Amino acid sequence: MIRLFLVDDHSLVRDGMKALLTGVPGLLIVGDASNGQELLDRLPTTPADIVLMDLQMPVLDGFATLPLLREQFPEIRVLVLTMLAHERYVGQALDAGAAGYILKSADQAEIIAAIRAVSSGKRFLCSDIGLSLLQKVLHPEASAETKKVDGLSYRELEVLRLIAEGLTNNAIAEKLFVSRRTVETHRQNILEKTQVKNTAALIKYAVEHGLLD
């Protein structure tokens, strides 16, 4: 029996996954949490084999949770379930310790196949991600223009999106649970890495390079 722990900040998603997976032979949902910190707090008393986890969450997001899981619970394997389809997120998640990566647009059969593959010690990428990476390999020239922005961290991309939405430094700090000084540092790093001189140029650059949804 594969013991499954669900982690997503949206209760609707967690309830949907429970409805989708409850009763599937060989799977048992043992718990759920709304963020990474809640997961880490509950795992000592709620043993699990697989953590099915989103990346974008408050308090402690998936990227920050992955290395902590690898350190504190090395026997647990993590399957990322997210809306983030860009290969930079896939790479960051796998480097941080994820065993699999699947999009929330996947159907029930693919999610179950992913859980079972990861449980058996294999790595798993959903079909949409796999096809995207294959295209990059077959047509590397198509992604050459975006290589300049590969140096942006997940947090910097998050700050970039909030800047584009018109949020102030204070508002961004409050939303991300960090200090204003930290946001200012991220903003400066983003400007330096993208080699633009002001916020307006930064937003234009981000749109042109497909960094904003």
Side-chain angles (χ1 to χ4, degrees), residues 7-10 12-13 34-38 53-68 78 80-98 101-105 125-126 128-213:
V7 190
D8 195 290
D9 59 322
H10 294 100
L12 187 64
V13 173
S34 61
N35 60 69
Q37 187 58 60
E38 188 178 337
M53 182 173 68
D54 194 7
L55 292 175
Q56 296 175 297
M57 298 180 292
V59 184
L60 193 66
D61 65 24
F63 288 105
T65 304
L66 279 164
L68 296 175
V78 180
V80 168
L81 179 68
T82 180
M83 293 293 293
L84 299 177
H86 197 285
E87 63 268 17
R88 89 165 47 84
Y89 300 124
V90 181
Q92 288 179 355
L94 295 179
D95 287 344
Y101 199 104
I102 190 166
L103 299 181
K104 289 183 177 179
S105 57
L125 292 179
C126 69
D128 287 344
I129 293 294
L131 289 173
S132 175
L133 293 178
L134 180 60
Q135 283 293 104
K136 297 294 183 182
V137 172
L138 295 178
H139 305 287
E141 69 283 355
S143 61
E145 182 60 24
T146 64
K147 289 182 179 178
K148 288 176 65 178
V149 298
D150 284 348
L152 292 178
S153 68
Y154 168 73
R155 181 62 85 184
E156 287 166 348
L157 288 168
E158 201 169 24
V159 171
L160 172 56
R161 290 190 175 90
L162 295 175
I163 291 172
E165 291 175 8
L167 273 67
T168 65
N169 285 351
N170 285 336
I172 294 173
E174 182 177 347
K175 188 175 183 67
L176 299 182
F177 303 96
V178 297
S179 69
R180 176 190 171 94
R181 183 179 294 275
T182 296
V183 174
E184 291 172 347
T185 299
H186 284 315
R187 182 188 287 262
Q188 185 59 39
N189 288 339
I190 293 168
L191 290 171
E192 291 176 359
K193 288 181 179 182
T194 56
Q195 299 177 15
V196 300
K197 296 182 178 180
N198 54 53
T199 301
L202 175 62
I203 294 172
K204 181 175 183 292
Y205 182 90
V207 171
E208 289 176 348
H209 287 78
L211 294 179
L212 303 179
D213 297 330

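Because the structure is a prediction, the values reported are computed rather than measured. Atoms considered below: every heavy atom in the structure, side chains included; atoms not considered: hydrogens, waters and symmetry mates.
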### Message
My understanding is that only residues two or more places apart in sequence, or in another chain, count here; which of them pass salt bridge (Lys or Arg N to Asp or Glu O under 4.0 Å) with E38?
### Response
none

## Note on the structure
Exactly one candidate in I102, L103, D8 meets side chain to side chain contact (heavy atoms under 4.5 Å, CB included) with L81; the answer is I102

### Message
Show the nearest heavy-atom pair for residues I203 and I163, with the distance to one decimal.
### Response
CD1-O, 4.2 Å

### Task
Looking only at non-hydrogen atoms, find the nearest pair between V80 and A93 and report the distance.
CG2-CB, 4.3 Å

### Message
Run the side-chain contact (heavy atoms from CB on, under 4.5 Å) test on T185 and Q188 for me, step by step, so that the C-alpha distance in whole Å, both residues' side-chain angles and the decisive distance to 0.1 Å come before the verdict.
### Response
CA-CA 5 Å; T185 299; Q188 185 59 39; 5.8 Å; no

### Query
Can you check whether L191 reaches V196 side chain to side chain, under 4.5 Å on heavy atoms?
yes

### Task
Take L162 and L176 through the test side-chain contact (heavy atoms from CB on, under 4.5 Å) and record every step on the way to the result.
CA-CA 10 Å; L162 295 175; L176 299 182; 4.0 Å; yes

### Task
Hey, could you give me the CG/CZ distance between L167 and R161, rounded to the nearest 0.5 Å?
14.0 Å

### Summary
In this structure, CG of L157 is separated from CD of Q92 (nearest 0.5 Å) by 7.0 Å

### Message
How long is the straight-line distance from CD of E158 back to CD1 of I190, given to the nearest 0.5 Å?
### Response
10.5 Å

#### Entry: Qualifying salt bridge (Lys or Arg N to Asp or Glu O under 4.0 Å) pairs with a residue from residues 170-184, counting only residues at least two apart or across chains
R180-E184

### Message
Within the 4.5 Å heavy-atom criterion, are R187 and L202 side-chain neighbours or not?
### Response
no

I'd like a table of donor-acceptor pairs (distance under 3.5 Å, sequence neighbours excluded) in which one partner is a side-chain atom from residues 55-66, with atom names and distances.
unit_1 : atom_1 : unit_2 : atom_2 : d
D61    : OD1    : F63    : N      : 3.2
D61    : OD1    : A64    : N      : 2.8
T65    : OG1    : D61    : O      : 2.6

### Message
Under the side chain to side chain contact (heavy atoms under 4.5 Å, CB included) test against D54, which residue among V7, V13, D9 passes?
### Response
D9

## Note on the structure
Here the pair of heavy atoms bringing L84 nearest to Y89 is CB-CD1, 3.6 Å

